[in-house]
Amino acid sequence: TITSNTFKLKATNTGAVALNIGSYVSSAGALTLSNATGVSVSVDSTATFNNSIKADLASTITVVGGADIGATISGAAASTISLDVGSGSFNVGSTALTTFALTNSGSVEISSSSRMSGATTITVDTQKMANLSNINTTGLQTLQISGSGTLAAASIGSHTGQANNLTIS
């Protein structure tokens, strides 16, 4: 049985922060990591990650493990955000974002309130539907989408190109 663990974590330490969420847990709540320079969250594939992460000084934010997701991930200074998830929906926001990477085993959708317009590289490896139609970019230079299985598909929002060369593969 999955049980819910709703908690608030507020940390002001500097340096990298690593969080581990164990098996058969539904994690929810706010993670405010004010001074963290990097955030890494490992979530067991049998768990669910429904947290909000706010890490404004982190240059990298990573969520791995293949768990289902219902999260909001924001970091004003985050240049790289990487997600390896099951299925679900999420918000992503960073005014400094240059690289966004998504690996998903189930269907996922990025919500309309996501802020990723400055992303220059988006990489998606999907086994089912990756609905990124709410991502609108202005400086995208590389869009790479791959997938396996008969249900692998992806959609992406609009691109108003400031980039001279957009490579799509």
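FYI, the numbering just counts along the sequence from 1.
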To the nearest 0.5 Å, atom OG1 of T137 lies from atom CD1 of I156 at 6.0 Å

Sequence neighbours left out, cut at 3.5 Å: what donor-acceptor pairs do the side chains of residues 68-77 make with other protein atoms?
residue: D68; atom: OD1; partner: S87; partner atom: N; Å: 3.0
residue: D68; atom: OD1; partner: S87; partner atom: OG; Å: 3.2
residue: T72; atom: OG1; partner: N91; partner atom: ND2; Å: 3.2
residue: S74; atom: OG; partner: I53; partner atom: O; Å: 3.4

Residues at least two apart in sequence or cross-chain that pass side-chain hydrogen bond (donor to acceptor under 3.5 Å, both in side chains) with S158, listed by chain then number, are N136

Distance col, row L97:CG vs T80:OG1, nearest 0.5 angstrom, shows 7.5 Å

For N131, the side-chain contact (heavy atoms from CB on, under 4.5 Å) test, sequence neighbours excluded, returns E109, M129, S133, S155

To the nearest 0.5 Å, atom CG of L102 lies from atom CD1 of I135 at 8.0 Å

- Query: Between the main-chain N or O of Y24 and the side-chain N or O of T46, is there a donor-acceptor pair closer than 3.5 Å?
  - Reply: yes

By side-chain contact (heavy atoms from CB on, under 4.5 Å), A78 pairs with (sequence neighbours left out) I61, I81, S94

From the list L83, D44, V43, V85, side chain to side chain contact (heavy atoms under 4.5 Å, CB included) with F49 holds only for V43

L9 side chain near L19 side chain, heavy-atom distance below 4.5 Å
yes

Residues passing the side-chain contact (heavy atoms from CB on, under 4.5 Å) test with A152, sequence neighbours excluded, are T126

(Q) Main chain of S40, side chain of T62: is a donor-acceptor contact present, judged purely on distance under 3.5 Å? (A) no

In this structure, OG1 of T98 is separated from CG of L140 (nearest 0.5 Å) by 11.5 Å

Hits for salt bridge (Lys or Arg N to Asp or Glu O under 4.0 Å) against D56, two or more places apart or cross-chain, chain-then-number order -> K54

Hydrophobic clustering (ILVMFWY, side-chain heavy atoms < 4.5 Å, transitive) - are L166 and I145 grouped together? yes

Interatomic distance, OG1@T120 vs CG@L143, rounded to 0.5 Å, equals 11.5 Å

Output for pair (K128 NZ, N104 CG), nearest 0.5 Å, gives 10.0 Å

Residues at least two apart in sequence or cross-chain that pass side-chain contact (heavy atoms from CB on, under 4.5 Å) with T142, listed by chain then number, are T121

Path from V108 to V64 over hydrophobic side-chain contacts below 4.5 Å: no

Could you tabulate the donor-acceptor pairs under 3.5 Å formed by side-chain atoms of residues 29-38, not counting sequence neighbours?
residue: N35; atom: ND2; partner: T12; partner atom: O; Å: 2.7
residue: T37; atom: OG1; partner: G15; partner atom: O; Å: 3.3

Determine whether V92 and I110 make a side-chain contact, defined as any pair of heavy atoms from C-beta on separated by less than 4.5 Å.
yes

